[in-house]
K.L.:
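Sharing a structure, written as structure tokens. Questions coming.
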Amino acid sequence: MHIELRDQCFDPWAEITGFRDRMLSPGQYGACAVFVGTMRDYNDGDRVRSMYLEHYPGMTEKQLESLVDASCETNNLMEALVVHRVGSVNPGEDIVLVAVWSAHRKASFDACREIMEALKSTAPFWKKETLDDQSGDRWVHRNTPGS
Amino acid sequence: MHIELRDQCFDPWAEITGFRDRMLSPGQYGACAVFVGTMRDYNDGDRVRSMYLEHYPGMTEKQLESLVDASCETNNLMEALVVHRVGSVNPGEDIVLVAVWSAHRKASFDACREIMEALKSTAPFWKKETLDDQSGDRWVHRNTPGS
Amino acid sequence: MTINVRFFASLRERIGVARTEIEADSVNDVRDVWLAVSHQPVDEEMLVALNRNYASLDHTVTDGDEVAFFPPVTGG
Amino acid sequence: MTINVRFFASLRERIGVARTEIEADSVNDVRDVWLAVSHQPVDEEMLVALNRNYASLDHTVTDGDEVAFFPPVTGG
């Protein structure tokens, strides 16, 4: 299991292959489910120019570890990887990566979604958007439900 | 939407980035869900040496296109990519890739799983395993349920 | 009329051929095709395709149709 | 006793500080801490952490604790 916060752009697909090569043996796992969340250039009907991701250093990592750990247990996962941006993010850049590996597909589908929903509702991150129309910054009020 | 059968190894992560760069614009999509199924070196308690994937040329592609198309419609997907191996496959090699893109996460989670389940239950592929103990080949009788 | 018949996977091995062609006027539906080529009772688990779409045993066949019989699929 | 208090995101902007420290003996639980630092009624949506774990307003606080207040989270 690996959890990481990044203040720079990252390539989720390179993270996945690097992690897999370090942590898993070929032939061991049968299923890998991945979710990548990417910053859009629009939200709630407005053009968005950029975003700032605030977090709670110390608690954010702890909360992520705890929720990923719980999902590894419940779903008997072989490995799990979570990478999340903090700080300034631009449209088109990836914000979050969740990748999980298991023997069979059910566990990885369940876990990937479960981890994302838990992250969305409990990990201390807050998004502030800067709109294109120079009307100023606004906090994203609440995440849309995912299930 | 792109559907492809391959008789050689493929790198799902390179397929994803290549497809995304050709088909999608940065900032347009907010969510990407991926499933990769990989050949294990064990199944039903036995060590497996290799596998042969039989299919029904013409019908397999048609069935995949029809089920992916239905899921794109239902979930309002921006794009979908499916790659599936045919012929001889060795442990550790990837068998199937499903990748979907949407504005929000719910659609991509739903669609990725829906496409995999429909593929598993309706796409004309048949696996024949060669065991390590030289007891001969055996057909995989039925896919395990995924949900 | 002429019907092209195909078998896949374990069913292909059991029947012993991958393809055959039947020339018969007494054949009305997919079930008749199965009985004509296999001389075996219908297999409960067997799947059927007519012109590369899933079909039931009751589907009517016409001249030039391709009918396929195969076991439950195991891809992915 | 001393309690370290932190605010995040829109709540940090509303309160006007990111961190403060309170020195008080009349403080028993997280709710008391909120009232002492904000002089505002409790916000229904507000989330609370005690020593970097989620907690409720009824949680007892002790000397040296870190209490954080923040709005619903919006990561991912």
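Convention: sequence-line order gives letters A, B, ...; per-chain numbering from 1. Please read these numbers as outputs of a predicted model, since none were measured by experiment.
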K.L.:
Can you tell which part of B/P12 gets under 4.5 Å to a heavy atom of chain A, answering side chain, backbone, both or neither?
P.N.:
neither
K.L.:
Is it the side chain or the backbone of B/D110 that comes within 4.5 Å of chain A heavy atoms, both, or neither?
P.N.:
both
K.L.:
Among the options B/I16, B/D94, B/T17, pick out the one with the most heavy-atom pairs lying under 4.5 Å from chain A.
P.N.:
B/I16
K.L.:
Pick one of side chain, backbone, both or neither for B/R20, based on which atoms fall under 4.5 Å of a heavy atom in chain A.
P.N.:
side chain
K.L.:
Who among B/P26, B/G92, B/G146 has the most heavy-atom pairs with chain A under 4.5 Å?
P.N.:
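Greatest number of close heavy-atom pairs with chain A: B/G146.
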K.L.:
What distance separates A/R113 CZ from B/C112 SG, expressed to the nearest 0.5 Å?
P.N.:
10.5 Å
K.L.:
Quick check on B/T144 against chain A: is it the side chain, the backbone, both or neither that has a heavy atom closer than 4.5 Å?
P.N.:
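Both backbone and side chain.
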K.L.:
Can you tell me how far apart CD (A/E114) and CZ (B/F109) are? Round to the nearest 0.5 Å.
P.N.:
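Nearest 0.5 Å value for the CD-CZ distance: 11.0 Å.
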K.L.:
Tell me which of these, B/A103, B/S25, B/A14, has more heavy-atom pairs under 4.5 Å with chain A than the rest.
P.N.:
B/A103
K.L.:
Are A/K106 and B/E117 side-chain neighbours, meaning at least one heavy-atom pair lies under 4.5 Å?
P.N.:
no
K.L.:
Please state whether the side chain, the backbone, both or neither of B/S108 comes within less than 4.5 Å of a heavy atom of chain A.
P.N.:
side chain
K.L.:
Among A/M116, A/K120, A/R105, single out the residue with the greatest number of heavy-atom pairs under 4.5 Å to chain B.
P.N.:
A/R105
K.L.:
Hey, could you give me the OG1/CD distance between B/T38 and A/Q28, rounded to the nearest 0.5 Å?
P.N.:
11.0 Å
